[in-house]
Amino acid sequence: QVQLVESGGGLVQPGGSLNLSCVASGNTFNINAMAWYRQAPGKKRDLVARIDKDRTTNYVDSVKGRFTISRDNAKNTVYLQMNRLKNEDTAVYHCNVHQTIDEWLRIYWGQGTQVTVSS
């Protein structure tokens, strides 16, 4: 099993920056894609950014040019650098990790970290 712990959320003003971290622990062999999702009150959980094992990345249009996802495989950690934050970025941000064990795909979620952008 894999446990995910996010950190780095907080309260910032519009235009500010935050850097989120997600550390995977436990049985971390064969971790593949890592991603960040977010969920605002009353909305579904949406993909924000994804990074594959080979470091190929994908972003939702609303964060392109502002957010950067990266990973450190040796530390089993994925990051989300968020710049020029907007009110619409306010949400609980969840780390997501895929793992393959034999021929089975496992998916893990972190508990989330709150990001609030407000004047």
Quick one: do M82 and Y79 end up in the same hydrophobic cluster if we chain Ile, Leu, Val, Met, Phe, Trp and Tyr together by side-chain heavy atoms under 4.5 Å apart? no
- Message: Is there a continuous path of hydrophobic side-chain contacts, each under 4.5 Å between heavy atoms, that joins V92 to Y108?
- Response: no
So, taking the atom named [atom1] in [X] and the one named [atom2] in [Y], what distance separates them when rounded to the nearest 0.5 Å?
| X | Y | atom1 | atom2 | answer |
| --- | --- | --- | --- | --- |
| N58 | T56 | CG | OG1 | 10.0 Å |
| D52 | H98 | CG | NE2 | 10.0 Å |
| I31 | R106 | CD1 | CZ | 12.5 Å |
| Y93 | R38 | OH | CZ | 4.0 Å |
| T57 | I69 | OG1 | CD1 | 8.0 Å |

The ring-ring contact (aromatic ring centres under 6.0 Å, His included) partners of Y59 (sequence neighbours excluded) come to none
Backbone N/O of [Y] and side chain of [X]: donor-acceptor pair under 3.5 Å:
| X | Y | result |
| --- | --- | --- |
| D102 | W104 | no |
| T77 | D72 | no |
| R84 | F67 | no |
| R45 | Y37 | no |

Review point. After noting the C-alpha distance and the side-chain angles of V78 and I51, does the key distance pass the side chain to side chain contact (heavy atoms under 4.5 Å, CB included) rule?
Key: CA-CA 9 Å; V78 61; I51 182 166; 4.1 Å; yes
Open item on the list: Surrounding NZ of K75 (heavy atoms of other residues, nucleotides or ligands, distance under 6.0 Å), is the total greater than 12?
Closed with: no
Got a sec: does the CZ of R66 have more than 12 other heavy atoms crowding it under 6.0 Å? yes
For N27, the side-chain contact (heavy atoms from CB on, under 4.5 Å) test, sequence neighbours excluded, returns F29, Q99, I101
Give the minimum heavy-atom separation between [X] and [Y], together with the two atoms involved.
| X | Y | value |
| --- | --- | --- |
| A40 | T90 | CB-O, 3.7 Å |
| W36 | L47 | O-CD1, 3.7 Å |
| S62 | E88 | CB-OE2, 4.3 Å |

Name the atoms and distances for all side-chain donor-acceptor pairs under 3.5 Å in residues 2-24, with sequence neighbours left out.
unit_1: Q3; atom_1: NE2; unit_2: Q1; atom_2: OE1; d: 2.9
unit_1: E6; atom_1: OE1; unit_2: Q111; atom_2: N; d: 3.2
unit_1: E6; atom_1: OE1; unit_2: G112; atom_2: N; d: 3.0
unit_1: E6; atom_1: OE2; unit_2: C95; atom_2: N; d: 2.8
unit_1: E6; atom_1: OE2; unit_2: G112; atom_2: N; d: 3.2
unit_1: S17; atom_1: OG; unit_2: N83; atom_2: OD1; d: 2.9

- [ ] Flag the pair D89 and K86 as a salt bridge only when some basic side-chain nitrogen lies within less than 4.0 angstrom of an acidic carboxylate oxygen.
- [x] no
In short, disulfide bond (SG atoms under 2.5 Å apart) pairs touching residues 26-87 with sequence neighbours left out are none
For T116, the side chain to side chain donor-acceptor pair (under 3.5 Å) test, sequence neighbours excluded, returns Q114
Side chain to side chain donor-acceptor pair (under 3.5 Å) filter on T28, not counting sequence neighbours, yields N76
